[in-house]
Q: 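Got a structure for you, questions after.
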Protein chains: 2
Amino acid sequence: MSQLDAVIRQSRRVKRGEYLFRAGDPFRALFAVRTGFFKNCVSSHDGREQVTGFHMSGDLMGLDGISSNTHGCDAQALEDSDVCELPFARLELLGRDIPSLQRHFFRLMSREIVRDQSVMLLLGNMKAEERLAAFLLNLSQRLSARGFAANDFVLRMSREEIGSFLGLKLETVSRTLSKFQANGWISVDHKHIRLLQPEHLKQLVSGCAGGFADDHSAHA
Amino acid sequence: MSQLDAVIRQSRRVKRGEYLFRAGDPFRALFAVRTGFFKNCVSSHDGREQVTGFHMSGDLMGLDGISSNTHGCDAQALEDSDVCELPFARLELLGRDIPSLQRHFFRLMSREIVRDQSVMLLLGNMKAEERLAAFLLNLSQRLSARGFAANDFVLRMSREEIGSFLGLKLETVSRTLSKFQANGWISVDHKHIRLLQPEHLKQLVSGCAGGFADDHSAHA
DNA sequence: GATTGTTTTTGATACGAATCAACCGCCCCT
DNA sequence: AGGGGCGGTTGATTCGTATCAAAAACAATC
């Protein structure tokens, strides 16, 4: 695994609001988030945006660019961030010599496909409350997997971005958060969220979360 | 590419209604559709089903199984079909020796991720009419890419399966098809669809189809 | 520290799709 | 020929979320 260091060209800094890459940019490298927080976004011709995912430390971005040598989505930093650039050509070469790397790589791509399927299930079958509960639990789990508090965290994204990801309008996100708070399940202080009764959230998604609440995000 | 024949263990027949694999089955191989038609399906604990895709000749299925050595979705034949089984272990080995194969493989997985992103855009942003128009156009394009008529085809799936894929109920699918027919844009005779004025359908999705109408399906 | 713009909350209303329900056409069946 | 089941269409109604609107909280700027 130390050979992996060889492909890391450099650590690149991206300030809040800046784009690491944009849809249509030539694809040369994958990016692993070292610190910070990103959103990925596809947009239609008429300007409608769909957030396809949020990415934090350890997550890999850019896999969708391999197919066409062109990035298929935007990657925008939601806070000052730090990423590793992994030139894909070098990665491909190394994969041939290091079976375990090739294998790891296939798994990463497959995991992304599985994650996308969970999101489809969410968007296709779940109601607003279920979506938001699944979202909060997913975030909680990913944060705790990285050593942060599971039940006390700060949202890096706006209500509108959450809504875009979940297929809801920002007002609905706001209302639903308020409702959860009124129920005593969470506390909402602007972007500061506390899960007071996560078991109630789990109950909401129990049955309908096809694994999305689990951490299927891509680790580098 | 003739070396590829080496990994094709056998051609396997799957009758209409039968499952090629089911979620939870141990993952050993990918499957390329030779003839026939399949749906892929993830389901939640409480029985809700989400069709994640439809696959026809040349498409590859099972990529989501790599990550966990377990298939993540069902693959059910919607008509009598014929698939090639591609043992994954052998494919991995060959990939090391044949760079073009490895490269091709990465592209295939990436293409699946891009396709999934288009579906997210569809499920998250589009209205019933737009979804159905995008679906018909996508089907049309994939069929014509395989040498079939683009504007005259037979649906292999039920209204319910279309609805599941598009995040709609079967009644809505039926109503929307009827509306398209009333407009003179298509003709509907049970499962036999004719696109009479595809330009009107394109107009409906123009602006909001983030590439889904194009053929981003996985070719073997 | 006032000002401007952005994000969030909350309310009233409208609209789209789900739901509930009835009916039809078709295939299979014995 | 007469059931029975399945898939599909269509209608009436309900429900959930979007939309429109206004105000409050906050952040950025000078």
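We name chains A, B, ... by the order of the sequence lines, and we start the count at 1 in each one.
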Q: Begin from the C-alpha positions of A/Arg13 and A/Asp82 and carry the test salt bridge (Lys or Arg N to Asp or Glu O under 4.0 Å) through to its verdict.
A: CA-CA 5 Å; A/Arg13 299 203 147 273; A/Asp82 209 343; 3.5 Å; yes
Q: Taking CD1 from B/Ile193 and P from D/dG8, how many angstroms apart are they, rounded to a whole number?
A: 11 Å
Q: C/dT7 P sits how many Å from A/Leu78 CG, rounded?
A: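 Going from A/Leu78 (CG) to C/dT7 (P), I get 12 Å.
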Q: Evaluate A/Glu18 against A/Arg12 for salt bridge (Lys or Arg N to Asp or Glu O under 4.0 Å), listing each step before the verdict.
A: CA-CA 12 Å; A/Glu18 282 180 359; A/Arg12 182 169 149 191; over 6 Å; no
Q: Please work out if A/Lys191 contacts a base, only the sugar-phosphate, or nothing of the nucleic acid, heavy-atom cut-off 4.0 Å.
A: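 A/Lys191: backbone/sugar contact only, no base atoms under 4.0 Å.
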Q: Run the side-chain hydrogen bond (donor to acceptor under 3.5 Å, both in side chains) test against A/His190 and tell me which residues pass, sequence neighbours left out.
A: none
Q: Rounded to the nearest Å, what distance is computed from the CG atom of residue B/Asp189 to the P atom of nucleotide C/dC26?
A: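 Going from CG in B/Asp189 over to P in C/dC26 covers 9 Å.
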Q: Can you check each nucleotide of nucleotides 9-18 of chain C against protein heavy atoms at under 4.0 Å and return B for base, S for sugar-phosphate only, - for none, in 5' to 3' order?
A: BBBB----SS
Q: Given A/Asp59 and A/Arg146, is the salt bridge (Lys or Arg N to Asp or Glu O under 4.0 Å) satisfied, shown in steps?
A: CA-CA 11 Å; A/Asp59 290 341; A/Arg146 284 158 180 79; 2.9 Å; yes
Q: For A/Glu160 and C/dT8, give me the distance from atom CD to atom P, rounded to whole Å.
A: 9 Å
Q: Can you measure A/His192 atom NE2 to D/dC26 atom P for me and round it to whole angstrom units?
A: 15 Å
Q: Find out whether A/Phe212 and A/Leu121 are in side-chain contact, i.e. whether some heavy atom of one side chain is under 4.5 Å from a heavy atom of the other.
A: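 Answer no - side chains too far apart.
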Q: Would you say B/Lys191 has more than 12 foreign heavy atoms packed within less than 6.0 Å of its NZ?
A: yes
Q: Take the protein atom CD1 of B/Ile162 and the nucleotide atom C1' of D/dG8, then report the distance between them rounded to whole Å.
A: 11 Å
